[in-house]
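Working notes, beginning with the structure itself.
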Amino acid sequence: MSYSKGLEGVVATETKISFIDGEKGVLELIGIPIGELASNSSFEESVFFLWNGRLPKKAELADFESAIRARYDMPAYISQLVMSMPKDAQPMHVLRTAVSAMGLIDPKPNATDLPSVRDKALTLLAVTPTILGAFHRYRKGLPIIAPDKTLPIAANVLYMISGTKPTPTMAKALDVCLVLHTDHGLNNSTFSARVVISTLSDIYSAITAAIGSLRGPLHGGANEGVMVMLNEIASPEAAEQYTLDKLAKKDKIMGFGHRVYKSYDPRATHLKVLAKQLAQDTGNMALYDKSTAIEKTMATAVAAKGIYPNVDFYSATTYHCIGLPLDLFTPMFVVGRIGGWSAHILEQLADNRLFRPDVDYKGPHDVRYTPIDKR
Ligand code: ACO
C-alpha cells in the first residue's frame, strides 16, 4: 500500500461537482469556469446548480429563492441559544455550535434519504446567515434585525449585521464572493463533511465537522490572518520588508500557497479586481496597495515554489471594504460553502462508500504489560 502524508496526490472519491487544474489555474463548477459563473450568476442560482447538476429555469430559480427566504427565521430554540452564548465567543465557534444544535430540534435529524437531506440543507443554507447576524448584534448590545424576506442571501446578511440596507454595489460584491466560495473540490472541510456523512451519520454532524475544519488558519481561517497581517503593516512602502522578514523567519504569509494550485488561484484573479474596485470606492486603497506590494515581493521571493495568492488573500480587502468585522470573514466563508458542502453530502449519500483509510503503524511490537507499582 502506498502512503502519502496529508493524503497529498491521493484520489479519495469521484465527483461531478467541481474540477480543478492546479497547474493551469482552472476551477470549474460542473464544467462552467468559476469566473464565468461569478460574472453571470447569483449565489442562490449557483447553489441550485450544484444541487441539481443544471442551471434553473426562471420559475425554478424563483421557487428556490422563495423556499430559502421562507426559512430565513431562526427557530425559537436557536434564537434563545444564540442569545445565551458568551458575548466574547468567536463567531466560528458560535456557528459550529448553532448548526449542531439545529439537529436537536429536527424531529428526524438522522434521516439520510436524499429528499430529507436536501430539505435540511435548504434550512441550514437559509438560517446560517440569520444566526450570524443575530449573534453579531447581540454581542455588540444592538437590537436584533429580523431577516428581510424580500432580499437575497447576500444583501440580507449584510442588512442583519449592520442594520442598514446595503447599496446594490456592496450587495453584489458579497454575492460574487459567495459564488466564488461555493465549492472547491475535495478541500479539507468538504472532505471532513464527506467522511462524516459516509458513516450514514446526519447532515448536522457533517456540516458541524466541516465548520470546525474550515476555521483552521491553514484553511478558511486564513482570510482573517491576511487582515491581521495587513493591519500590522504600517504602509504600502513597508510591505516588502515585512514580507521578507516573515519569510526569513520561515513564517507562512497568510493567503498564499495552496495544496492544489501551483499557479494563480482563479478565484483570487476575480477577487483582486473586486478588491481594487471596492478599495477605490471606499477609500481603502492603502489596503489594496499593501496587498499588491506583498504579492510583488512574493513573486520574486517564492514564486519558484509555485506559491501564489489564494482565495483568502484578496477576499480580506474585499470583506473589509464591504464593512464586515474581521472575525466575520471566515463565518462568511461558511455562508457560501454550505452550498458546496451540502452538494458533496448529497453526492456522497447517492453512492456511498464508508471512508476508512489505512495507517502505517510505526510503534513497537510484543511489549509486555508492566504492572503499575513496577513502573
Ligand atoms: N508563505 C510562505 N511560504 C509558503 C507558503 C506561504 N503562505 N505556503 C507554502 N510555503 C512554502 C513552504 O514553506 C514550503 O517551503 P519549503 O519546501 O522550502 O519547506 C513549500 O512552500 C511547500 O509548502 P507546504 O506547506 O508543504 O504546502 P502545502 O501544500 O502543505 O500547503 C497551505 C498548502 C497549507 C495552504 C500553505 O500554502 C499555507 O500554509 N498557506 C498559508 C495559509 C493559507 O493561506 N491557507 C488558505 C489556503 S486556501 C483555503 O483553504 C481556502
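Indexing begins at 1, ligand by ligand and atom by atom, following the structure's order. All residue numbers in this chain count up from 1 along the given sequence.
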[X] to ligand 1, any heavy atom closer than 4.0 Å:
X: Phe313; value: no
X: Gly6; value: no
X: Asn310; value: yes
X: Leu214; value: no

[atom]: any protein heavy atom closer than 4.0 Å:
atom: atom 32 (C) of ligand 1; result: no
atom: atom 29 (O) of ligand 1; result: yes
atom: atom 23 (O) of ligand 1; result: no
atom: atom 16 (P) of ligand 1; result: yes
atom: atom 6 (C) of ligand 1; result: yes

* Asked: Is the charged tip of Lys120 near the ring of Tyr204: under 6.0 Å from the six-membered ring centre and within 45° of its axis?
  ->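 No - Lys120 does not lie over the ring of Tyr204 by the 6.0 Å and 45° rule.
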* On the ring face of Tyr159, is Lys165 found with NZ or CZ under 6.0 Å from the centre and within 45° of the axis? ->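 Pair Lys165/Tyr159 counts as cation-pi.
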* Asked: When you check the gap from the basic side-chain N to the acidic O, do Asp148 and Arg69 get nearer than 4.0 Å?
  ->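 Salt bridge flag = no for Arg69 with Asp148.
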* So, are Lys296 and Glu240 salt-bridged, with charged N and O less than 4.0 Å apart? ->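 No, this pair does not count.
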* Asked: What's the shortest heavy-atom distance between Asp265 and Pro309, and which atoms?
  ->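 It is CB-O, 3.4 Å.
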* **Heavy-atom closest pair, residues Leu271 and Cys177** =>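 The answer is CD2-SG, 3.8 Å.
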How far is [atom] from its nearest protein heavy atom, and which residue and atom is that?
atom: atom 35 (C) of ligand 1; value: Gly257 O, 3.7 Å
atom: atom 41 (C) of ligand 1; value: Phe256 O, 3.4 Å
atom: atom 18 (O) of ligand 1; value: Lys305 NZ, 2.9 Å
atom: atom 12 (C) of ligand 1; value: Lys252 CE, 3.9 Å
atom: atom 43 (C) of ligand 1; value: Ala222 CB, 3.5 Å

Looking at ligand 1, does any of its N/O atoms fall within less than 3.5 Å of an N/O of [X]?
X: Arg267; value: no
X: Ile307; value: no
X: Ile253; value: yes

* Asked: Which ligand 1 atoms, with their elements, are less than 4.0 angstrom from a heavy-atom of Val311?
  ->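 Going through ligand 1 atom by atom, the ones under 4.0 Å from Val311 are 51 (C).
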* **is_close_aromatic(Tyr261, His184), centroid dist under 6.0 Å** =>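 That pair passes the under 6.0 Å test.
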* Asked: Aromatic ring centroids of Phe191 and Phe355 under 6.0 Å?
  ->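 Judged by ring-centre distance (under 6.0 Å), Phe191 and Phe355 do meet the cut-off.
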* Asked: Taking atom 51 (C) of ligand 1 as the point of reference, which of Thr330, Asp251, Asp312 owns the nearest heavy atom?
  ->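 Going through Thr330, Asp251, Asp312 one by one, Asp312 has the nearest heavy atom to atom 51 (C) of ligand 1.
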* His219 vs Phe333 aromatic rings, parallel, tilted or perpendicular, using cut-offs 30° and 60°? ->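 Ring orientation of His219 relative to Phe333: perpendicular.
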* Fit a plane to each ring of Tyr361 and His365, take the angle between them on a 0 to 90° scale, and name the class: parallel (under 30°), tilted (30 to 60°) or perpendicular (over 60°). =>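 Rings of Tyr361 and His365: perpendicular, as their planes differ by over 60°.
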* Linked, directly or transitively: Leu218 and Phe256 (ILVMFWY side chains, under 4.5 Å) ->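 No, no single cluster joins them.
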* To do: State whether a side-chain donor-acceptor pair under 3.5 Å links Asn223 with Thr330.
  =>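 Their side chains do contain a donor-acceptor pair, which is all the 3.5 Å distance test asks for.
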